[in-house]
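Worksheet: one structure, shown below.
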Amino acid sequence: MSTIVREQGSEPQVLEQVLQHWGLGGAQVAPCGNGLINTTYAVTADSGARTILQALSPIFDPAIHHNIQAVTQALARAGIHTPQLLPTQAGQLWLEHAGGVWRMQTAIEGVSFDALADAAQARAAGAFVGRWHAALAQLDHEFVALRVGVHDTPRHLARLRDALGQLEQHRLYAQVEPLGRALLDAAQSLAPLPECPPRVAHGDLKINNMMFAGGDGRGRLQPLALIDLDTVAPMPLAHELGDAWRSWCNLASEDQPEARFDFQLFEASWAGWLAGHGAPPSPVEREALLLGPEWISLELAVRFAADALFEDYFGWDAQRFAGRGEHNLARARGQASLYQAMNATRRERAVVLGA
Ligand code: GN1
Ligand code: MG
């Protein structure tokens with residue numbers, strides 16, 4: 001098990017004070033999960049009941065909990081399992097305490113994977129996400145506090161340009177610079193995504209944000225829920241599924257410098273999504289879906305490359321890498337190599353998508 005380092009690590013007494021706001025003083029708390037942004041703890045009450053406590057990253061406005069509430073309630077009404085926010089004893093969706101923002105959610109008892117195993121699992125994952133999207137298609141909610149712009153590609157490109165312009169003294173500059181320039185050039189020559197109306201989306205469909213019933217046998221074919229709902233927002237389907245595919249179709253883990261794009265995983269997850277969703281996307285959405293994974297793998301390569309120099313955003317594994325920059329450089333290489341693979345398979349993907 002790796003240990004992801006983030007900015008926040010909380011003192012036991014702070015955790016205890018936080019737990020008291022949910023009437024859970026004295027409960028056991030253990031770090032869990034390997035997300036790169038929030039800090040997550042599994043809480044076990046004296047009764048044995050388990051919940052999930054998270055310290056929200058300062059990149060998020062706490063008002064996003066209104067979005068999470070609207071989305072999870074709609075999912076629950078549609079019979080789709082989801083983590084649900086547990087309000088504090090004072091009835092608040094989140095708690096501001098000791099300089100941090102805290103929230104409690106129901107636990108999803110299952111397992112997550114850092115890579116899909118095979119086409120059957122990809123199909124199951126796609127079908128679950130298709131149902132998830134269909135359940136939210138009619139959601140009437142005004143999304144708030146969406147300033148973060150997870151897929152604001154121009155913003156990410158600008159940050160990389162800033163990094164390359166400002167941090168020439170950085171120990172990794174000589175390695176990041178040629179990669180960064182190549183990524184900026186690739187972004188210049190990639191056709192823009194066709195405009196499509198937004199749909200209510202998860203916003204971060206990497207495979208480890210999906211919980212499955214079990215690690216093998218039938219359980220690994222049974223998605224239970226999507227977790228990490230901070231980025232729920234209306235967005236083009238091409239961003240949403242582009243992000244899923246850049247993660248789901250890569251057999252290599254995110255920090256291996258050489259990606260391993262698997263076409264069958266792409267095909268199977270798409271067939272699953274269509275079956276789960278019911279209604280097919282419009283012709284222009286299909287066209288956008290062709291470029292979506294190219295843009296998103298490139299965008300994530302750009303984000304990792306910028307953080308290889310700024311070293312202030314993504315969590316990193318201190319047991320495997322010398323520093324945050326080194327870990328992010330490996331990730332940037334992995335996503336750049338995935339971008340190449342996506343780009344090289346455009347024609348075959350077009351056939352599958354009917355684009
Ligand atoms: C972050 O929090 P986590 O690990 O699920 C990031 C995503 C990236 C992903 C790459 C808000 O997701 O955008 O695709 O890392 N989330 C945010 O692993 O930046
Ligand atoms: Mg996560």
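Both counts, for ligands and for their atoms, begin at 1 and track the order of listing.
Taking only nitrogen or oxygen atoms, main chain and side chain alike, Lys206 reaches within less than 3.5 Å of ligand 1. Between Thr231 and ligand 1, no N or O atom pair is found at a separation short of 3.5 Å. The N/O atoms of Leu36, backbone and side chain alike, include one that comes under 3.5 Å of an N/O atom in ligand 1.
A salt bridge is absent between Glu240 and Arg199: the closest approach of a Lys/Arg side-chain nitrogen to an acidic carboxylate oxygen does not fall below 4.0 angstrom. Remark: Glu254 engages Arg246 in a salt bridge, criterion side-chain N to carboxylate O under 4.0 Å. A salt bridge links Glu294 with Arg349: the distance from a Lys NZ or Arg NE/NH1/NH2 to an Asp or Glu carboxylate oxygen falls below 4.0 Å. Of the charged side-chain nitrogens involved, at least one lies within less than 4.0 Å of a carboxylate oxygen, so that Arg159 and Asp312 count as a salt-bridged pair.
Using a 4.0 Å cut-off to heavy atoms of Val150, the atoms of ligand 1 that qualify are 13 (O). Applying the 4.0 Å criterion to heavy atoms of Asn209 picks out, from ligand 1, the atoms 5 (O). Residue Glu254 approaches ligand 1 through these ligand atoms, each under 4.0 Å from one of its heavy atoms: 10 (C), 18 (O). Each of the atoms 15 (O) of ligand 1 lies under 4.0 Å from some heavy atom of Phe314. Set against the non-hydrogen atoms of Gly35, the atoms of ligand 1 under 4.0 Å away are 4 (O).
Using the six-membered ring where Trp is involved, His277 and Trp273 have ring planes that are parallel, under 30° apart on the 30 and 60° scheme. Taking the six-membered ring where tryptophan is involved, the planes of His66 and Trp94 are perpendicular, since the angle between them exceeds 60° and thus also 30°.
Of all the heavy atoms of Ile37, the ones lying under 4.0 Å from any atom of ligand 1 are found in both the backbone and the side chain. No part of Asn38 comes within 4.0 Å of ligand 1, judged by heavy-atom distances.
Of the N and O atoms on the side chains of Glu311 and His170, at least one donor lies less than 3.5 Å from an acceptor on the other residue. Side-chain atoms of Gln105 and Arg103 include a donor-acceptor pair closer than 3.5 Å. With hydrogens and angles left out, the side-chain atoms of Glu299 and Thr153 include a donor and acceptor closer than 3.5 Å.
For the pair OD2 of Asp228 and OD1 of Asn209, the angle whose vertex sits at the Mg ion (ligand 2) is 90° to 10 degrees.
Ranked by closest heavy atom to atom 3 (P) of ligand 1, the top entry among Asp204, Ile59, Ile207, Asp230 is Asp204. Between the choices Phe304, Tyr313, Phe60, the shortest heavy-atom distance to atom 17 (C) of ligand 1 belongs to Tyr313.
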Evaluate the criterion ring-ring contact (aromatic ring centres under 6.0 Å, His included) for residue pair Phe321 and Trp316; output intermediate values, then yes/no.
CA-CA 8 Å; Phe321 290 88; Trp316 62 286; 8.2 Å; no

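Heavy atoms of Arg246 approach ligand 1 to within less than 4.0 angstrom. For the ligand labelled ligand 1, residue Arg303 lies inside the 4.0 Å heavy-atom shell.
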